[in-house]
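In this text, all values refer to a predicted model and were calculated from it rather than measured experimentally.
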Amino acid sequence: MVIAIALLSIDRIPIEVSSLAIIVLLVLSGLVTPREALSGFSSDTAIFIFTLLALTQGLSATGVMQIVGRRLLSLSRFNPRVFIVMMLVAVCAFSSVASNTAVTAAFLPVVTAASTQARVAPRRLLMPMAFSSMLGGTIFLFGTSTNLVVSAALEQVGLERIGFAELAPVGLPLAIVGIIAVLVLVWRFLPERGAEGGERTLTQREYVTEAVLTPGSRLVGKELRYVTEGLGIPVRGLVRDGVTLPPEPREVLVAQERLIIAGGLDDILRVKDLRSIGLSADLRIPEGQRQAYTLVEVSVPPTSALAGRSLRDIRFAERYGLVALAIHRHPTLQSTHQHLSLMGSLKGRDAMKNLPLAVGDLLLLGGPEKRVRELAGDEELTVLGSVEYQRPRYRRAVLSVCIFASTVVIAGLRITSPAIAGLAGLVVMVAVGCVDTRTAFRVDWRVVIMIGALLTLGLAMEKNGVGEFLAQGVIPLVGVVGPRGVLCVLMIATVLLSVPMSNQAAALIMLPVGIHAALDMGLDPRAFAMGICLAASYSFLTPLEPSAALVYGPGRYRFRDFLRVGTPLSVLMLALLTVAVPLVWPFTSA
């Protein structure tokens, strides 16, 4: 167990390698048989966790979370505080049944865009969002893989599995308290970056593109501010009769309105997701072919013959089989050479096609993967790298929600094996076109491998009496602090162990200790098992948890920022757990 903790704590060793090394060591030391060593990978829990991650990919591919996020985004221009609360509630709700990492990733661009409209620094919103997703995972059984592996471990030792909503009486009220607490702590202990050291804001590469309202667009007749403020799209101008007009917020949009958009790559990709507005170049591609298109960034090198010529002049689409969706030109180049200003050059219909290229320009191109690969041998353009993007399948959003919900209900009611329910849901979601197989299987396999290995480690600990051995060291505390004190000590140890290693690993290592400590005291072990399970998800001390890691860079956080906010939040959650757990799961069974 000590070697396992050490391996899982070393950042330089990939977690999947550490997990497999643990299995090998357990077999070589004779603690488990080869059949037992591989039993974790064939367990219901490991298979169901894989299918749950894949089903979450289906929700993301159909834009379910993005749709909810955009509906909430409109609140930010009316009442920023209401938006923040509703956003955290939505993140918490999604995370109660889906992967909290996937939920955080889906809401990340929405929250970033809303922070600009609400005039709130992103670092004041992103950390609460990540913590809210972690809190949501404690409400239902399927909210986080930690709950599932603890449930499987309980069955291994002869105890009942965790019920679908068994955690809710404690998890739901603590999630509400936690969301309120994290908002207060962030605004109290997390100052604006400028007030703390004058750190310069990280600049983002700005792309410029031309967009147009699609036929039958719901934006026709609405004021421009509905697009800029409501949807968070950075519009820099309107093109009418060959003249670029300033973006007046109260300007009423007309059919086929053309807009000049200037923003980061995320902003450009977000416009591709919308149905009432689209990139001019993108709309020339048949709807059925856009799904299969690959995006790539290229630059115009100094030796390129394309410099000084427009995309129309060189018949770019015919020559390369690709379309130019957006362009980035270095700000210094635009400021020193007036004729190279992008905003001044984009005029008239199909302005992008008539724009002369300059050395150093970066183009965002879209087209078939075969054509993108052929660019590698082209001397006129330098390929910088591909851009991860897949257009959401909005038309199947409701269908994907129904499939996901049906799978969760069937697995929760144990009408059949959770693994079979998950596999069936995944097959149906792929068969009806909610998600393709490539995207569905783009799950974090490291998590699946780690869970399979940890279940084997838990089996070895139980088989060889490790839990009973360690529990003997806890028993003397009973006379000093009582059963609640022992529970609190075990939960604190779980939280501290989750800092160098994963939440799942910390829970599985402490679970046998808690169960045997309860049995030695003559108490019901379920209270200790539930406390350890919940405590493993309440470790907010570092940005090492996947959801927190996602917001670490975009929020420009420092490691100590998580200590400032996460330490008091973890202490509060542990104190409430110490009180709440024995009330829901009494120490003495009736």
Side-chain angles (χ1 to χ4, degrees), residues 8 14-20 22-23 37-62 64-65 94-106 133 137 140-153 155-156 161-162 164 400-401 403-412 414-432 434-459 502-505 507-508 536-537 545-547:
L8 293 170
I15 195 168
E16 62 272 25
V17 175
S18 299
S19 302
L20 295 176
I22 290 170
I23 292 179
L38 299 176
S39 63
F41 296 105
S42 61
S43 67
D44 258 14
T45 302
I47 296 173
F48 182 67
I49 288 174
F50 153 68
T51 60
L52 200 60
L53 293 173
L55 287 168
T56 304
Q57 293 279 24
L59 292 180
S60 179
T62 53
V64 173
M65 289 171 277
F94 273 114
S95 299
S96 67
V97 292
S99 165
N100 57 359
T101 306
V103 173
T104 302
S133 73
F140 295 121
L141 172 63
F142 302 149
T144 174
S145 55
T146 303
N147 301 341
L148 290 167
V149 296
V150 170
S151 179
E155 191 176 44
Q156 283 182 343
R161 281 176 168 264
I162 301 175
F164 174 71
S400 70
V401 171
I403 296 172
F404 186 90
S406 300
T407 302
V408 168
V409 170
I410 292 172
R414 298 194 70 80
I415 296 174
T416 184
S417 161
I420 297 301
L423 290 172
L426 176 57
V427 169
V428 173
M429 194 169 279
V430 171
V432 299
C434 291
V435 62
D436 56 56
T437 52
R438 180 178 178 181
T439 302
F441 285 87
R442 197 182 293 161
V443 301
D444 191 348
W445 289 100
R446 298 174 303 170
V447 174
V448 180
I449 292 173
M450 180 188 67
I451 287 171
L454 290 177
L455 288 173
T456 301
L457 177 62
L459 174 64
S502 71
N503 300 346
Q504 300 93 336
L508 283 181
S537 296
E545 206 278 337
S547 289

*Asks:* Tell me whether the rings of F140 and F164 are parallel (<30°), tilted (30 to 60°) or perpendicular (>60°).
*Replies:*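 Answer is parallel, since the angle falls under 30°.
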
*Asks:* If I take atom CD1 from residue I449 and atom CD1 from residue I22, how far apart are they, to the nearest 0.5 angstrom?
*Replies:*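 It comes to 12.5 Å.
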
*Asks:* Rounded to the nearest 0.5 Å, what separation is found between the OG1 atom of T56 and the CZ atom of F94?
*Replies:*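 Rounded to the nearest 0.5 Å, the OG1-CZ separation comes to 11.0 Å.
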
*Asks:* With side chain to side chain contact (heavy atoms under 4.5 Å, CB included) as the test, would you mind laying out the steps for N503 and T144 before giving the verdict?
*Replies:* CA-CA 10 Å; N503 300 346; T144 174; 5.9 Å; no

*Asks:* Just verifying a value: how many Å separate F48 CZ and I420 CD1, rounded to the nearest 0.5 Å?
*Replies:*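 Between atom CZ of F48 and atom CD1 of I420 there are 12.0 Å.
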
*Asks:* Search all heavy atoms of Q504 against all heavy atoms of S145 and return the closest pair with its distance.
*Replies:*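 Distance-wise, the nearest heavy atoms are NE2-OG, 2.5 Å.
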
*Asks:* Just checking, is any N or O donor in the side chain of T146 or S537 under 3.5 Å from an acceptor N or O on the other one?
*Replies:*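 There is no such pair (donor and acceptor under 3.5 Å, judged by atom type) between the side chains of T146 and S537.
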
*Asks:* Check step by step if side chain to side chain contact (heavy atoms under 4.5 Å, CB included) holds for D436 and V430.
*Replies:* CA-CA 6 Å; D436 56 56; V430 171; over 6 Å; no

*Asks:* In Å and rounded to the nearest 0.5 Å, what is the OG1 to CG distance from T456 to L38?
*Replies:*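 With rounding to 0.5 Å, OG1 (T456) is 7.0 Å from CG (L38).
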
*Asks:* Can you find a heavy atom in the side chain of F404 that is under 4.5 Å from one in the side chain of L52?
*Replies:*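 A side-chain contact exists here, since the closest heavy-atom pair is under 4.5 Å.
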
*Asks:* Looking only at heavy atoms, what is the nearest atom pair of C434 and A61, with distance?
*Replies:*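 For C434 versus A61, the nearest heavy atoms are O-CB, 3.8 Å.
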
*Asks:* Has the side chain of N147 got a donor or acceptor atom that lies under 3.5 Å from a matching backbone atom of G137?
*Replies:*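 Indeed, once roles are kept as given, a pair shorter than 3.5 Å links the two residues.
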
*Asks:* Decide yes or no for L55 and F142: does some side-chain heavy atom of the first lie under 4.5 Å from some side-chain heavy atom of the second?
*Replies:*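 Of all side-chain heavy-atom pairs linking F142 with L55, none is under 4.5 Å.
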
*Asks:* Which heavy-atom pair separates A440 from A54 by the least distance, and what is that distance?
*Replies:*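 Between these two residues, the closest heavy atoms are O-CB, 3.3 Å.
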
*Asks:* If you take all heavy atoms of V448 and A46, which pair is closest and at what distance?
*Replies:*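 That would be CG1-O, 4.3 Å.
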
*Asks:* Compare all side-chain heavy atoms of I403 with those of V432 and state whether any distance is below 4.5 angstrom.
*Replies:*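 Of all side-chain heavy-atom pairs linking V432 with I403, at least one is under 4.5 Å.
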
*Asks:* List the steps and the verdict of side chain to side chain contact (heavy atoms under 4.5 Å, CB included) for I49 and V149.
*Replies:* CA-CA 9 Å; I49 288 174; V149 296; 4.0 Å; yes

*Asks:* Quick one: does any side-chain atom of S151 pair with a main-chain N or O of I162 as donor and acceptor, under 3.5 Å?
*Replies:*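 Yes.
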
*Asks:* List the atom of T407, the atom of G425, and the distance in Å for their closest heavy-atom pair.
*Replies:*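 That closest heavy-atom pairing would be OG1-CA, 3.5 Å.
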
*Asks:* Of all the heavy-atom pairs spanning S417 and D44, show the shortest one and how long it is.
*Replies:*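 Between these two residues, the closest heavy atoms are OG-OD2, 2.7 Å.
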
*Asks:* Roughly how far, to the nearest 0.5 Å, is CD of Q156 from OG of S39?
*Replies:*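 The distance works out to 7.0 Å.
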
*Asks:* Under the criterion side chain to side chain contact (heavy atoms under 4.5 Å, CB included), I'd like the reasoning laid out for T62 against V435: C-alpha separation, chi angles, the key distance, then a yes or no.
*Replies:* CA-CA 7 Å; T62 53; V435 62; over 6 Å; no

